[in-house]
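Below is one structure, written out as structure tokens, with a few remarks after it.
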Amino acid sequence: MFRQTKSVFQKLRYLSFNGQQHTWRLKSTSARERALQYQPGQKIHGFTVKEVVAVPDLFLTAVKLTHDKTGAQYLHAARDDSNNLFSVQFRTTPMDSTGVPHILEHTVLCGSEKYPCRDPFFKMLNRSLSTFMNAFTASDYTMYPFSTQNGKDFKNLLSVYLDAVFFPCLREQDFWQEGWRLENEDPTDNNSPLMFKGVVFNEMKGAFSDNERLYAQHLQNKLYPDHTYSVVSGGEPLAIPDLTWEQLKQFHATHYHPSNARFFTYGDLPLEPHLKQIQEEALSKFACIDPKTEVPSQPPCLCCSVLDITDAFEGLTLSLLSSLMISGPNSPFYKSLIEPKLGTDFSSVVGYDGSTKEASFSIGLQGVDEEDIERVKQIISQTIDKIIENGFEERRIEALIHKLEIQIKHQTTNFGLSLASYIASSWNHDGDPVELLQISDSVAKFRQALKENPRFLQEKVRQYFKENTHRLTLSMSPEESYLEKQAKAEEEKLQKKIEVLSDSDRKQIYEKGLELLAAQSRTQDVSCLPALKVSDIEPTIPITPVQISTAGGVPVQYCEQPTNGLVYFRALCNLNTLPEDLKVFVPLFCSVITKMGCGALDYRQQAQQMELRTGGMSVSTQVITDCNELDTYEQGILLSSSCLERNLPHMFQLWSDIFNSPHFDDEERLRVLVMQSAQELANSIAYSGHLYAMTRAGRHLTPAGDLQETFGGMEQVTFMKRTAAMADLSQIIRTLPRLKIHLFNPNNMRCAINSTPEKVSDAAAHLEGFIKDVAKNRKERKPVRPNIIEVKLNRENKICVNELIHLGSIPTFHPCPMKTFFQMPFPVNFVSESIRAVPFSHKDYASLCILARMMTAKFLHGEIREKGGAYGGGAKIGGGLFTFYSYRDPNTVQTLSAFGNGIEWAKSGKFTQQDIDEAKLSVFSAVDSPVAPADKGMGQFLSGVTDEMKQSHRQRLFAVDHKNLVDVAERYLSAGQKTCGVAILGPENDVIKKDPSWIIK
């Protein structure tokens, strides 16, 4: 997987402080306390302890070690979190754009000395209870992380990962499959034309069709033109066919060595068994070398001040400074560039980026008129001068530090992965990872620097932005013929390769193609791979207690959790009374309602209050298929926010003002938000095309599917594009208050609070006050559709207050088949087919879950990725629909055939009990993935799915057998193909154009 790394502050925002404090294991001492017993200088299994540091803010103890024989670096973060993580990363510094580190990342996972079967990585996905398994290629490092909650599983996965990276087979066949190859279009027909194929080749063609990704890549290449950052580590599609198998093996020999490795482990499992296994299975077999992979500094210009990312304090300072300069409507660059509507939004690369050895800062716009480029450059320069002169308001700095405090306290389930990502770039260039973890020390130093010198930040702006002459101006313009030129260049490259082929070369290509096809089709012996058994899965789930009550007549669910001093609030408001013609406006309403101002606050003051008093406030659409009836669903909007316990009254006051007196009349502000929203949607298609295809495919199969397309599909993209192009937004301004009347009605609302036990009564009192404040919005309104079904908020607890959820139902709904093709400026396709199935509580739902996973692993992966060359593909079930999909796929009709063949394969029953058990393990790894305290009880609150219902589903999953799978394949998938929905997003397609059964968009 090619990874575009984020700036440090983005990592801080989304990753680094999302910790998890809980554990469900009984221990005499905590993992943190045990780790504190290690002493610097202590020898353990070939490693020497260098440093042991308690990091109380992140509830962990950091142990830094070095391997005596090879010099490999190791960091262990001991924390009372059962979701344990391992990661090994190598500094990978390519000097050309053939994508050698990226193709190597794929190929090492295709088999190793101890595990020589084809593709052990993908096979382990079905033999483990991992909560995460992947690999990333960044600009200058490659990382291999996994996480699991099971100790036996951890050892199994560690063994597979160590053998993969240090002792891979690197077979030529795997290089052809994953990297690139010349092959006949139809491998079985030697008269069919030769073409380029390969997973990474197609992945990067897809990546380079994303304009944001393209811009970011060119920016980095041109800003650092003298070493590894001047090339495309993921691979430039036209350069990939220049890579040879020999060069791949040489790159592995020079870069994948323990002396060039950094190991990271995290969680509550003890450190010593990890060290013992890593020493015995890998490191003991190597001697120390000088890997010579260092990245030299970019030769600076005269007077240039460049930040080395290994300086943790300076990095944090510039991250915070970047946020002050560009984040939110109070920031100087937002005021000077976004509000004058010189462009639609900031450019895709904006702010501080600490992912390269020397950090960079970028500021720019997308959607700029060409004649305005010089003006934009002038404004940027003037804005920097104004910042140097005026500095920043103290309250904005306080709001930013408050944001950090919330992020430190907020807990998510993937904290180990977050830490690995956060420290990766700096550690890669020999920065101190422990220093990076000591956030509070850096924040205290930051506060002290401001206290001692009120102009501290202004001086940093002068140093890094005003007096720094190492700068680049980059503009990118749309080109009508871009895709044609790319296709032509690829064809020319292909012809050059073909021109030099002799007849015997062509014959050899054909024979190799047949060999690869045979290898891909052969049933693999995977007995060499370690595996968990179904009996290793916990038979029951832990119960999450919730209390159902009311506040001012509104149903409320309370869930007591160790939330670390934060209170989480949600409210679901249903849309049953909203007129049909207003529904397409709901996502726009959600995106602007917390950003236009409210009560006595204009939008800038509102943004500042939200940053000072909350961890964020958002509103989003919700369409939830009922767990019992397929044509019944709940439609609503979800209000979400969090705050420190001390700020409860402030958070609810903000919601009261949003309910009672939102500002809708500022057309200039609205236009800025509309343009940003439309731009974000348009940009998302290249990366998430499979989701858009899946949404569209399900449109005509259920009432909920139809609404999903309206709210979040291509229909919404088109609507927002049209809205952004409107010269006059007065119609939108008149429409928003009409929506508000229907959406912010306490009669149609239910709420949920997650907090510590000590704060539940306090939160309840403030919630009661909020409901009282917004009572004037109460109004009895008739549902637009008369078929409203009432169900209990807690369907199985007979003691609870009898509060009701109102679900929409369309008894007259008839699913109909529909095939839609969206012609897009991409060189690859996103293909989906959707079949109407059953809701969550149906007895066959569990069988369809297992079947989807088994079809993905045992049939579709081989057909769509290995043979077809797509980056990914598979099947899944959700919302009552069984959906096939492919991602960054060079094929269309062939992929649809693969979906159909998958159904025939399932009906034929050509799978073993081991296949079924592996699918069960994979399904349970998702079912049992950790849930953060903030999200406990949310399944019941949103979908009405109780722990008892989950346990029943669990028992049905355990009971699924061969007969069940063949039966559901026949009854739902085979029969359902007659009324399936199909959608494709991709380049112009003559075959589809000529087929009258397709609707072309």
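Values in this document were obtained by computation on a predicted structure and should not be read as measured data. Every heavy atom of this structure was used, including side-chain atoms; hydrogens, water molecules and symmetry mates were not.
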- Message: So, taking the atom named CD in Q279 and the one named OG1 in T70, what distance separates them when rounded to the nearest 0.5 Å?
- Response: 8.5 Å

- Would you say K276 has more than 12 foreign heavy atoms packed within less than 6.0 Å of its NZ? no

- Item | Ring centres under 6.0 angstrom apart (F154, F146) | yes

- Message: When you compare the side chain of V160 with that of P530, does any pair of heavy atoms fall below 4.5 Å?
- Response: yes

- What closest approach, in Å, do L75 and A62 show between heavy atoms, and which atom pair accounts for it? CD1-CB, 4.2 Å

- So do the side chains of T310 and S426 get within less than 4.5 Å of each other, counting heavy atoms only? yes

- Message: Less than 3.5 Å apart, any donor N or O on the side chain of E105 or T142 sitting next to an acceptor on the other?
- Response: no

- Item | salt_bridge(K512, E515) N-O dist < 4.0 Å | no

- Tightest non-hydrogen contact, residues R213 and V232, listed as NH2-CG1, 4.3 Å

- The reported gap from CG in L529 to NZ in K123 (rounded to nearest 0.5 angstrom) is 8.0 Å

- Task: Step by step, work out the side chain to side chain donor-acceptor pair (under 3.5 Å) result for S527 and D525.
- Result: CA-CA 6 Å; S527 57; D525 176 9; 2.7 Å; yes

- Query: Do S355 and D353 have side-chain atoms, one donor and one acceptor, less than 3.5 Å apart?
  - Reply: yes

- Closest non-hydrogen atom pair between S425 and G354, with its separation: CB-O, 3.5 Å

- Find out whether F465 and L321 are in side-chain contact, i.e. whether some heavy atom of one side chain is under 4.5 Å from a heavy atom of the other. yes

- Message: Using the ring-ring contact (aromatic ring centres under 6.0 Å, His included) definition, which of the options W180, W176, F196 pairs with F201?
- Response: F196

- Message: Regarding R181 and Q177, do their side chains bring together a donor and an acceptor under 3.5 Å, going by distance alone?
- Response: no

- Message: Are Y464 and F361 an aromatic pair, judged by ring center distance below 6.0 Å?
- Response: no

- Message: According to side-chain contact (heavy atoms from CB on, under 4.5 Å), who are the partners of K69, at least two apart in sequence or on a separate chain?
- Response: H67

- Item | Reported OG-to-OH distance for the pair S360 and Y224, which is rounded to 0.5 angstrom | 4.0 Å

- Message: Between D210 and R888, does any side-chain N to carboxylate O distance fall below 4.0 Å?
- Response: no

- Task: Measure the spacing between CD of E172 and OG1 of T244 and express it to the nearest 0.5 Å.
- Result: 9.5 Å

- Answer yes if the side chains of E203 and H102 hold a donor-acceptor pair under 3.5 Å, and no otherwise. yes

- Nearest heavy atoms of L109 and A135, plus distance in Å: CD1-CB, 4.1 Å

- Note on the structure: Note: S347 and Y215 closest approach over all heavy atoms is CB-CE2, 4.2 Å

- Item | Residues that N202 engages under side-chain contact (heavy atoms from CB on, under 4.5 Å), provided they are two or more places apart | K205, P890

- Task: Identify the heavy atoms of V52 and A35 that sit nearest to each other, and give their distance.
- Result: CG1-O, 3.6 Å

- Do S87 and Y266 have a side chain donor and acceptor closer than 3.5 Å? no

- Is there any salt bridge (Lys or Arg N to Asp or Glu O under 4.0 Å) pair reaching into residues 129-158, and which pairs are they, with sequence neighbours excluded? K152-D536

- Message: Looking only at the side chains, is there a donor atom on one of T48 and D68 sitting less than 3.5 Å from an acceptor on the other?
- Response: yes

- Compute the ring centroids of F86 and H274, then answer whether they are less than 6.0 Å apart. no

- Message: Do the side chains of R262 and D430 get close enough for a salt bridge, i.e. N-O under 4.0 angstrom?
- Response: yes

- Message: Among Y144, Y256, F286, which residue satisfies the ring-ring contact (aromatic ring centres under 6.0 Å, His included) criterion with F166?
- Response: F286

- Task: Return yes if a side-chain donor-acceptor contact under 3.5 Å exists between Q149 and T131, otherwise no.
- Result: no

- How are the rings of Y871 and Y887 set to each other: parallel, tilted or perpendicular (split at 30° and 60°)? tilted

- Query: Hey, does L474 have a side-chain heavy atom less than 4.5 Å from the side chain of L223?
  - Reply: no

- Message: Side chains of S139 and Q220: any donor to acceptor distance under 3.5 Å?
- Response: yes

- Query: Do R32 and D80 have side chains that get closer than 4.5 Å, going by heavy atoms?
  - Reply: yes

